[in-house]
Structure formats: structure tokens, C-alpha cells
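One structure is given here, and the rest of the page talks about it.
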Amino acid sequence: MSDSISFHMSADDFRTFGHAMVDWIADYHEHIESRPVMAQVKPGDIRAMLPATPPQTGEPFVEIMADVDRIIMPGVTHWQSPNFFAYFPANASGPAILGELLSAGLGVQGMLWVTSPACTELEIHMMDWLVDLLDLPAKFKSTAAGGGVIQDSASSATLCALLAARERASDFTINRSGGTGRITAYATSQTHSSVEKAMMVAGLGREQLRLVETDDTFAMRPAALAARIAQDRSAGFIPAFVCASVGTTSSNAIDPVRAIGEICQREHIWLHVDAAMSGTAALCPEFRWIHDGLELADSYCFNPHKWMFTNFDCDAFFVADRKALIQTLSILPEFLRNEATKSGAVIDYRDWQIPLGRRFRALKLWFVIRHYGITGLQYHVREHVRLAQEFAAWVAASDAFDVAVPAPLNLVCFRHRAGDEVNQQILDQLNRSGDLYLTHTKLDGKLTLRLVVGQTQTRAEHVAAAWTHIQAAATAVTAQRALKVSDP
Ligand SMILES: *Cc1c(COP(=O)(O)O)cnc(C)c1O
């Protein structure tokens, strides 16, 4: 026996507290509806409860857990609540959480094939499965010239796509000798802000991002894109990248990918398709129209961590030509050289992303897909869309509210007819109540409420209750305002 001291948690304690933690999480999910959806704290409230300095000596784990309840939970917004209808869903699920736990337990660093072959090979396989599951173009498969990789977020996927586009358009010279400031990219005012950020990070400059006009559904106008490209070319710019959105964050607008793709092919411009939330809908054949023309894209991403029951982070990023991506992001310092890499027989995913290190994220995806099966995944996505459509029909039939734009899938944009101030008051009252959580956007300059049906446990009764609360809030707000007006 060694008599050296250890401060580590013993295997027995890990077992005890691990079981307790799983119980805690199960209880949390089981009783989540009793909590106010949106955290009801003020800035600084949580920090005020934390000690000013770290502990000199280690503390018992039970005390740490007690502080989770006392300090942390009041400041948690319950994204996993079935009454969470804000922003976009950020799904967790039993199999995903267990996959995440196993990934932490294995503690693998999967930067190269050789640093854990299963980490890379399961990921390649899951990405190929996703191509089948969503019926994506076959060129995105590892068995073709393309392939998929898990990124931490759609923002990173977009950045990687933009970098590859930048290099392809410059004959891979910008990586070596820097840019000339002539490369331009195209999106719309509705495109996710990550594209503008990617332009900044890639050193291309946000002013070189052209915002192409949209139509009355907030989708990109292909003719306006073609015109802007022509204008830029004649001014000596190098158009290199277009981002089309399948389901914008603001209003779920779906850009016409086929028409945009035809322009990109003709002009030799990299087309990236961002389907962060809505891509998941393609699990169901009846929603695959959203991907019409995707075979013309150079890259594509969607987030299983939004609507496919896989906890953050897990963005699935696909490229049609993996060589362009690898050539853009590959560097090989001596300490990473190894036989497998040299043989060319393996994928080293560190060449497919910005960081070097990577977690074993494919496990949670594997668990989710195997747990639900195609049937289970399709059932829940279909149900979410059905419930959102039902909600949209209630709104459309009401005297007080209107549907603001067509709702193609699971996001409904709507507003009270009495204008911005009333909509803001309704929103504030609902979110203060803790009964549900909604967020807003601006469409045509008007404050618009958004209801997204996509949380793992959201069912018909939650959407029905949301509509009841929304109507009640509207009645209360308009009554209060009537009183104020009549007040002398
Ligand atoms: C949510 C969203 C993003 C950003 O996703 P991250 O994974 O958080 O970077 C990008 N694009 C669209 C269309 C989105 O809805």
C-alpha cells in the first residue's frame, strides 16, 4: 500500500454522487413544469451569493450539490421546460445526456484518428447516417468526395465554410500571404449574425458582406443576388461565398436554394446552406421540400442540438469537397505526425475545424438515433410541426391576433392588432408570470411575437395552455390600458 495522500474523489464516492446526480437530473426533468420558465433574478443576484474567494481546502460534494439548489437554480432559465417557446429549442433528452456523461467519462481527445480511432470512426459513421436520415445529397457522404463533421455550433460551421470559400476563390493564397480586401460574400438582412461575424473573423471585413434584398416572406430574391454579383464583378471584386438560410432565426424564412444554387454554380461561388433549426424537419419526407436544390450547395449545416434531441453542442456540418476544407485548415506540426496520418487512410478531424482538440460528441448522437429510431425521431418532429400549425390556425381565427408571416414549420410569428406597445406588454407579462417563455422579433418594423414548438417534452396540452395564457394576457393588458385612458 502506498501511503501517499490524494485529494482525488474516490471511485466509491464518484459512484455514490454520480448516482445521486442522475437522480437529481431525473427529478429536475420530472418536475420542471413547477418552475418559472424564465429565471426571475436581477443582474448580480447570483454572484452576490457566491463566496468572494475560492476555498483553501476541498469541500464535501454534498455541500457543493446543496449550493447548486440554493445558488444556481434560481438563476437558471429552464430551456428544457415544455413551456419554453422562446428563441429556438435547445433539446436535451435522456439518451443524449447519458452520451454526454459517457463522453466526459472516457475523457477522450479526438483531434487525430490515432488519438482515439473510435471517436473519429463513429463520427464519420453518424454523419453518413444523417445524410440518409435527412435524405441529403449523396455527395456529402464520406464515401463520396465530401463528408461530415461535428462542429460546436452553426457559427463555427459557417466560419469554416467561409474560410474554405475564401481559399478556393484565391487559389489558396490568402492563407499564405494574406488578403487583398476584394473578396465579397452574400446573405440577406435575415441571415444569422454568425455570417457577419465570420466575415470579421476571417479577415474579409463586414462591409464586404452584401445584404441581398428579400421578398415578402423574407426570403432572398435570386434576381437581386445575381444583379449584386454582376455589379461587384464589374467593380473588380471577387464574389466568393453565398449563405442561404433554410429557416431564418427571426421568422423561419426559407431561401430558394435551387435558384440561388444555380447562380452560384454559374458564377463559381461557394454556396453554404444554413438550416440550423429547420434542417431537422427533413427527417420527415413530407418536409424535405425545404432542401430542394441542396445538391447545388458546397456545404450545409444543421444543429441536432436544436431540434434533434441531442444536447448542446452538436452541429452537423457537411461539405461536398472535403479536400478544399482540409487544404484550408490543415497544418501539421511535428508532434502530431504519425503513421496513420501519413498513410492517408484515415480522417483527422482537427483539419476540419478551428480548434485542435475535440470531444467525443458522436456518442450522444449515436445514443439518440439508436434510442428513438427513425420512427421515434419522425414522430416527435411531426408532432411539433402539427402543434405549431394548430397554434397558427388558432391565431388566424382570433379577433385580436394575426399571423405575421406564413409559418412553414414549427415557428409561428404573430402579433396583437393593437400595435407594438401592447405586444411588448403582453410579452413582458407572460414572461414575468413564469408560465411560459416567448421572445420577439421585428418584421416590417413591427414588434412580432414568436412561438417555437420544439422542446423535447412539449406536447399538445402545453401549446393549448400557451394560447390560453396569451389570450388572457392580451385581455388583461388591453383592459389595463382602457382603464388608464379613462383615468382623468
Ligand atoms: C440558431 C441559429 C444559428 C446559430 O447557431 P449556433 O449553433 O448557436 O451557432 C445559425 N443560423 C440559424 C439559422 C440559426 O437559427
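Start at 1 and go down the list; that is how both ligands and their atoms are numbered.
- Under the salt bridge (Lys or Arg N to Asp or Glu O under 4.0 Å) criterion, E262 pairs with no residue at all, not counting sequence neighbours.
- When the ring pair (Phe, Tyr, Trp, His ring centres under 6.0 Å) test is applied to F85, no partner is found at least two apart in sequence or on another chain.
- Counting only heavy atoms from C-beta outward, the side chains of I238 and T184 never approach each other to under 4.5 Å.
- When each of R417, K446, R415 is tested with D402 by the rule salt bridge (charged side-chain N to carboxylate O under 4.0 Å, His left out), just one qualifies, namely R417.
- The 4.0 Å heavy-atom shell around ligand 1 contains residues F88, S153, A154, S155, H192, G247, T249, D274, A276, N303, H305, K306, ordered by chain and number.
- Sorted by first and then second residue, the pairs that involve residues 280-304 and meet ring pair (Phe, Tyr, Trp, His ring centres under 6.0 Å), not counting sequence neighbours, are H291-Y300.
- A salt bridge links R258 with D292: the distance from a Lys NZ or Arg NE/NH1/NH2 to an Asp or Glu carboxylate oxygen falls below 4.0 Å.
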